[in-house]
Amino acid sequence: MNHDVRQWLGEIRALQGQIAQLRQELSEAYASAANWRSLYETEARQRRQEAQSASQTIQQLKAERQALADTVEHQIEPHPMEHLSDGELKAKLAAALLNCDRLTRALKAEQDRHAQTRQALTSALGDTVEQLAQGRAYFTGASAVPLAAAKAEPS
């Protein structure tokens with residue numbers, strides 16, 4: 001019987017050791033859960049603050065947008081085209097396109113006249129330089145050398 005008691009005492013001690021180990025693991029689990037709960041609450045608090053700040057910013061921006069819209073609405077009068085019918089708009093568009101075409105042709109004609117004027121002035125300038133060269137040659141007693149030949153000769 002002594003042997004049975006020792007066996008029972010050994011099993012009791014083993015069970016007490018397991019209970020102690022389980023209590024330690026339970027304590028560690030509670031500590032870990034408390035740590036995670038704290039981290040979660042901190043994160044949730046930050047997210048709520050960010051959401052509240054974003055909500056306030058959105059409200060401020062909406063108020064600013066409305067104020068700007070009200071300002072613009074009061075400063076700009078309705079466009080006169082808003083009151084025209086489709087036919088009137090088409091007529092105005094046709095007139096605008098004709099005017100654009102007319103202005104395009106006028107611009108092209110002006111560009112052509114400009115090119116002709118530039119060509120005429122360049123020719124006149126060339127003739128004047130040639131006459132100056134001939135006049136200078138006449139007064140210095142040298143024979144008149146055409147300008148193209150004078151340019152070709154090295155100095």
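Index from 1, following the sequence. Predicted model, so just to flag it, every value in this text is computed and none were measured.
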Handout entry: Hydrophobic cluster partners of W36 (side-chain heavy atoms under 4.5 Å)
Key = L39

Practice task
Could you tell me the separation between the CG atom of L107 and the NE2 atom of H114, rounded to the nearest 0.5 Å?
Solution key: 11.5 Å

Problem - Qualifying residues under side chain to side chain contact (heavy atoms under 4.5 Å, CB included), relative to T42, sequence neighbours excluded - result: S38, R45, Q46

Problem - Residues in salt bridge (charged side-chain N to carboxylate O under 4.0 Å, His left out) contact with E110, at least two apart in sequence or another chain - result: R113

Exercise for the section: Give the intermediate values and the outcome of salt bridge (Lys or Arg N to Asp or Glu O under 4.0 Å) for residues D112 and K108. Expected result: CA-CA 6 Å; D112 291 344; K108 176 69 175 137; 3.2 Å; yes

Exercise for the section: Linking directly or through intermediates, with side-chain heavy atoms under 4.5 Å: list the remaining ILVMFWY members grouped with L121, chain and number order. Expected result: none

Show me the side-chain donor-acceptor pairs of residues 15-23 shorter than 3.5 Å, one per line, residues at least two apart or across chains.
{"from": "Q21", "atom 1": "NE2", "to": "E25", "atom 2": "OE2", "distance (Å)": "3.3"}

Practice task
Report the distance from atom CG of L132 to atom CG of D127, rounding to the nearest 0.5 Å.
Solution key: 11.0 Å

Handout entry: NZ/NE/NH1/NH2 to OD/OE distance under 4.0 Å, D101 and R105
Key = yes

Exercise for the section: Determine, stepwise, if the pair E11 / Q7 fulfils side-chain contact (heavy atoms from CB on, under 4.5 Å). Expected result: CA-CA 6 Å; E11 287 183 27; Q7 183 180 358; 3.7 Å; yes

Exercise for the section: Give a yes or no on this: more than 12 heavy atoms of other residues, nucleotides or ligands lie within 6.0 Å of atom CG of N99. Expected result: yes

Problem - side-chain hydrogen bond (donor to acceptor under 3.5 Å, both in side chains): pairs with one or both residues in residues 48-60, sequence neighbours excluded - result: R47-E50

Completion exercise
When rounded to the nearest 0.5 Å, the distance separating CG of L68 from CG of L61 is 10.5 Å

